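Worksheet: the structure to be examined is printed underneath.
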Amino acid sequence: KRYNSDVTKEPAIYFFGLGQNNYIARLFARRLRTAGFNAYVPGPRDIVPRSEPGDIAIFISNSGGRPQIIKKIQKAKEEGCYTVFLTGDENSPSAKLSDLTVEIYSKTTSSHTVDIMGKDDFSVKERHLKRSFEIACMLYFEGLSVAIMKSLGITEKGLKHVVKEWEINTKDSVITGSVAAICALTW
């Protein structure tokens, strides 16, 4: 079974998204890690292994027009990664660069920033389109999680969760944080 295999020989899976899409990427990467996959969401405070040819890079963007995402797709392709792009616009520049494009939601917005609290018609419409895309991505990834777990014979109880006593909380953060760090370093 894949779950018990030596994942050090498996391709790594990298996720990229800006704003709310980064949180969606982190959620799915966490699901994959608990099932035994090498899944990462590189960020400014994260230490992740460098990608290698054959790794998979998954990008999430509603419009597909953000220069940051386009540059990351280009860099992933230069490094030999297979690129997957989840978008609301299959004709976007990012979609055209990617090896595989998955259109998640048919209505899209080209607006990259939306006034979250704005009550004007434009803000409400754009916010609705962005949130619809984000929710559709979460549902897509949740469906993939279930399909992967089922195909590998993994149940919720069989997932690799952090031992409850090692979780960091505000009361015991110094002690449990130190224990978790030591365990991570020696693991």
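The structure presented is a predicted model; accordingly, all values stated were derived computationally and were not measured.
- Between Q74 and I70, the closest side-chain pair of non-hydrogen atoms falls below 4.5 Å.
- One finds the CD1 atom of I24 at 13.5 Å from the OH atom of Y140 (value rounded to the nearest 0.5 Å).
- In this structure, Y23 is not a member of the same hydrophobic cluster as L86, with clusters built from ILVMFWY side-chain heavy atoms closer than 4.5 Å.
- Not a single donor-acceptor pair under 3.5 Å links the side chain of S98 to the backbone N or O of T101.
- Contact annotation: the side chain of E90 never approaches that of V102 to less than 4.5 Å [non-hydrogen atoms, C-beta and beyond].
- Between the CD atom of Q20 and the CE atom of M138 there is a distance of 8.0 Å, given to the nearest 0.5 Å.
- Considering CD of E103 and OG of S92, their distance stands at 9.5 Å, rounded to 0.5 Å.
- Residues S51 and E79 bring a donor and an acceptor atom of their side chains to less than 3.5 Å of each other.
- Between F15 and Y40, the gap from one ring centroid to the other reaches at least 6.0 Å.
- Listed here is the closest heavy atom pair of S94 and F85: CB-CZ, 3.4 Å.
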Please determine whether side chain to side chain contact (heavy atoms under 4.5 Å, CB included) holds for the pair V41 and N22, giving the CA-CA distance in whole Å, both sets of side-chain angles, and the decisive distance to 0.1 Å. CA-CA 8 Å; V41 184; N22 185 271; 3.7 Å; yes

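- Under the 3.5 Å distance criterion, the side-chain polar atoms of N62 are left unmatched by any main-chain donor or acceptor of F133.
- With hydrogens and angles disregarded, no donor-acceptor distance shorter than 3.5 Å links the side chain of T83 to the backbone of I73.
- M149 and F28 fall within the same hydrophobic cluster, defined by Ile, Leu, Val, Met, Phe, Trp and Tyr side-chain heavy atoms under 4.5 Å apart, directly or through other members.
- Separating the CG atom in N21 from the CZ atom in F16 is a distance of 13.5 Å, to the nearest 0.5 Å.
- Side chain of R31 to backbone of S145: no donor-acceptor contact under 3.5 angstrom is found.
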Chi angles and distances behind the side chain to side chain contact (heavy atoms under 4.5 Å, CB included) call for F37, E10: CA-CA 8 Å; F37 290 85; E10 299 288 332; over 6 Å; no

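- Side-chain atoms of S63 come within 3.5 Å of backbone N or O of G65 as a donor-acceptor pair.
- D55 places a side-chain N or O within donor-acceptor distance of the main-chain N or O of E52, the cut-off being under 3.5 Å.
- Hydrophobic clustering of Ile, Leu, Val, Met, Phe, Trp and Tyr side chains at less than 4.5 Å, counting indirect connections, unites Y82 with I60.
- Linking Ile, Leu, Val, Met, Phe, Trp and Tyr residues whenever their side-chain heavy atoms come within less than 4.5 Å leaves L97 and I104 in two separate clusters.
- Residues Y14 and L32 do not share a hydrophobic cluster, clusters being chains of Ile/Leu/Val/Met/Phe/Trp/Tyr side chains in contact below 4.5 Å.
- Rounding to the nearest 0.5 Å places CZ of R33 at 8.0 Å from CZ of R26.
- To the nearest 0.5 Å, atom SG of residue C81 and atom CD1 of residue I13 are 11.0 Å apart.
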